[in-house]
There are 2 protein chains.
Amino acid sequence: MTETAVGSVALGEKTGSKSEQAYTAVKARIVEGTYTPGYRLVLAKIAEDLGVSVVPVREAIRRLEAEGLVKFERNVGATVSGIDPTEYLYTMQTLSIIEGAATALSAPLIDSVAIARARAVNAEMRDCLEHFDPVRFTALNQDFHSVLFEHCPNPHILDLVHRGWNRLASIRASTFRFVPGRAQESVKEHEALLQLIESNADANTIEHAARRHRSATLDAYLAQSNAGSVSAH
Amino acid sequence: MTETAVGSVALGEKTGSKSEQAYTAVKARIVEGTYTPGYRLVLAKIAEDLGVSVVPVREAIRRLEAEGLVKFERNVGATVSGIDPTEYLYTMQTLSIIEGAATALSAPLIDSVAIARARAVNAEMRDCLEHFDPVRFTALNQDFHSVLFEHCPNPHILDLVHRGWNRLASIRASTFRFVPGRAQESVKEHEALLQLIESNADANTIEHAARRHRSATLDAYLAQSNAGSVSAH
DNA sequence: GTCATAGTTATCGTATACGATTTCGTACTC
DNA sequence: GAGTACGAAATCGTATACGATAACTATGAC
């Protein structure tokens, strides 16, 4: 747990192919922040670094482009996707919808052991707040939701969740995360969510709560940059 | 209108590149049914057909793989994605969630002109039922929802809708569509949806109705293959 | 001093080529 | 006759090479 790169299902191409290798390597560097937004991804350079030719690197970059982690411009090159506030809004809004559904679908399948694990993670998050460790907090936050989703019955939805997370990870270093007080609320909402799941609340209620949990972060950000609410109801 | 291939935002790579050309061509053939599920996509063959080399074709195929239209197996090759009932369930369930959200987000932005257009399309669909023209019916069905979504404020969500549609298009020729009576209900639900939008119903109500509209088709299919309901509440 | 223009460099896009892997067919054995 | 082992054909995966395009730089005109 507490890893950074969330792998979307390795469609096709088993590990071992140079293409896959390049994909994994570049993705990791983006998600962990080695390549920051705006960073220029030169095919030949990456190819040399990884000891492969440009063809598989190009393929990897295009794949990352499809996931939104990279921006590609014809005859110009690729750069790590940036921190456009509009994109942030789109991503968070989409994620709130997807995560809401994922939570509702997973809820009936979550057993007491998983709940306990989630609670332990949440306790650690609370510690992080006291010791002010935002990096670890963010990682644990992902762990928390990973526990909830680990038995999600629809892999498509799970994949969309992971894409959203990776998208956010690529802009993690930016200003977006830092909204005063939001983290504290977040921990409380986690506990509330667990109680809803434990009490077998109906799917609608759980979905709404989970959705609100994500969109509240977006609202907090928007409020800070003095704009109106755009959360999904 | 009434076109088949719904283009997901042309990320990067302007038109004119061989890669893009290959992507568009192969995608169209899949969506329109020239390449049926299971069809073997041999890189060299496609390259020759299109008058390009294998490299851009390979890139195009990988892109289609990322969208779920194609299945790729290392050192074996690519085939058009099939009609696995489980996949159908996953796709429909995801689509019901995404379309629900898309409709709710779009509703406040739909003007009376668009409503009128949608109604006209729906009337045509009713005609198709009488003259039994399922192909046209399906195309019009997409048109109907396209009208609703044309001002969707979140392009990410719109893109997910299109991906789902294309995914379904690739299995259109299969048995899934044919559930007795469902088409008639569908037309009625369209009208109900339009009335909700006209009357400025709240976002939750609209979202729920739109979601139900899609998941009802899934339920009908599942009922026919004598299984229980798995629709999202 | 600033702007336009031509030449240079960096980088991409794609073709071709070849080694690697799988699949299929055939012959051989039990 | 069925199964196995070998060999040939098909196809993929990647390296290399080169033409095309855009970015950069320096030179000259006003």
Side-chain angles (χ1 to χ4, degrees), chain A residues 9-30 35-82, chain B residues 7 9-27 29-30 35-82:
Chain A
V9 198
L11 299 154
E13 205 88 1
K14 291 163 197 147
T15 61
S17 91
K18 314 266 177 116
S19 165
E20 184 69 21
Q21 182 186 331
Y23 170 77
T24 309
V26 176
K27 182 176 184 174
R29 280 169 177 70
I30 293 176
Y35 295 160
T36 53
Y39 185 91
R40 183 77 191 284
L41 297 165
V42 179
L43 297 183
K45 196 166 178 304
I46 296 173
E48 197 189 349
D49 285 358
L50 299 177
V52 300
S53 87
V54 295
V55 178
V57 173
R58 182 183 164 84
E59 193 170 292
I61 299 284
R62 295 296 304 247
R63 223 166 123 190
L64 292 168
E65 185 199 9
E67 293 177 25
L69 295 180
V70 161
K71 195 163 161 293
F72 212 104
E73 210 173 343
R74 159 137 178 157
N75 279 322
V76 174
T79 52
V80 176
S81 285
Chain B
V9 198
L11 297 154
E13 204 90 2
K14 292 163 198 148
T15 60
S17 90
K18 313 266 176 119
S19 165
E20 185 68 21
Q21 182 187 331
Y23 170 77
T24 309
V26 176
K27 183 176 183 175
R29 281 170 177 69
I30 294 175
Y35 295 159
T36 52
Y39 185 91
R40 183 77 190 284
L41 297 166
V42 178
L43 296 184
K45 196 164 177 305
I46 295 173
E48 197 188 349
D49 286 358
L50 299 177
V52 300
S53 87
V54 294
V55 178
V57 173
R58 182 183 164 84
E59 195 170 292
I61 300 284
R62 295 297 301 251
R63 226 167 122 190
L64 292 168
E65 185 199 11
E67 293 177 24
L69 295 179
V70 160
K71 196 163 161 292
F72 211 105
E73 210 173 343
R74 161 139 175 153
N75 279 323
V76 174
T79 52
V80 176
S81 286

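Letters A, B, ... are given to chains in the order of the sequence lines, protein chains preceding strands, and every chain is numbered from 1. Just so it is clear, the values below take in all heavy atoms, side chains as well, and ignore hydrogens, waters and symmetry mates.
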Enquirer: If you measure from the Lys or Arg side-chain nitrogens to the Asp or Glu carboxylate oxygens, is any gap between A/E20 and A/R63 under 4.0 Å?
Expert: yes
Enquirer: Can you tell me the distance, in whole Å, between the CD atom of A/E59 and the C1' atom of C/dC12?
Expert: 16 Å
Enquirer: Any idea which heavy atoms bring A/S81 and A/K71 closest together, and the distance?
Expert: OG-N, 3.7 Å
Enquirer: Choosing from D/dA23, D/dC12, C/dT11, which nucleotide comes nearest the side chain of B/R58?
Expert: D/dC12
Enquirer: Closest approach of A/P56 and A/A22, non-hydrogen atoms and distance?
Expert: O-CB, 4.2 Å
Enquirer: Looking at every heavy atom in both A/A78 and A/F72, which two are closest together, and how far apart are they?
Expert: CB-CD1, 3.8 Å
Enquirer: Do the charged groups of B/E48 and B/K45 touch, with an N to O distance under 4.0 Å?
Expert: no
Enquirer: Between B/V76 and A/A44, just flag the one whose closest nucleotide in DNA chain C comes earlier from the 5' side.
Expert: A/A44
Enquirer: What is the separation between atom CD on B/E73 and atom C1' on D/dC12, rounded to the nearest whole Å?
Expert: 12 Å
Enquirer: Starting from C1' on C/dC12, measure out to NZ on A/K71 and report it in whole angstrom.
Expert: 16 Å
Enquirer: Check the distance between D/dA22's P and A/F72's CZ and give it to me in whole angstrom.
Expert: 14 Å
Enquirer: Rounded to whole Å, please give me the gap between CZ in B/R40 and P in C/dT22.
Expert: 13 Å
Enquirer: Report the distance from atom CG of B/L43 to atom C1' of D/dA10, rounded to the nearest whole Å.
Expert: 12 Å
Enquirer: What is the distance, rounded to the nearest whole Å, between atom CZ of B/R74 and atom C1' of D/dG13?
Expert: 7 Å
Enquirer: Once ring pair (Phe, Tyr, Trp, His ring centres under 6.0 Å) is applied, what residue pairs with a partner in residues 43-71 of chain A remain, sequence neighbours excluded?
Expert: none
Enquirer: If every non-hydrogen atom of A/L64 is compared with every non-hydrogen atom of A/K27, which pair is closest and at what distance?
Expert: CD2-CB, 3.8 Å
Enquirer: In this structure, how many angstroms lie between the C1' atom of D/dT11 and the CD1 atom of B/I46, rounded?
Expert: 13 Å
Enquirer: What does A/L41 touch in the nucleic acid at a heavy-atom separation under 4.0 angstrom: a base, only the sugar-phosphate, or nothing?
Expert: sugar-phosphate
Enquirer: Between the protein and nucleotides 15-18 of chain C, are there any N/O to N/O pairs under 3.5 Å, and if so, what are the atom names and distances?
Expert:
residue : atom : partner : partner atom : Å
C/dA15  : OP1  : B/S53   : N            : 3.3
C/dA15  : OP2  : B/S53   : N            : 2.6
C/dA15  : OP2  : B/S53   : OG           : 2.3

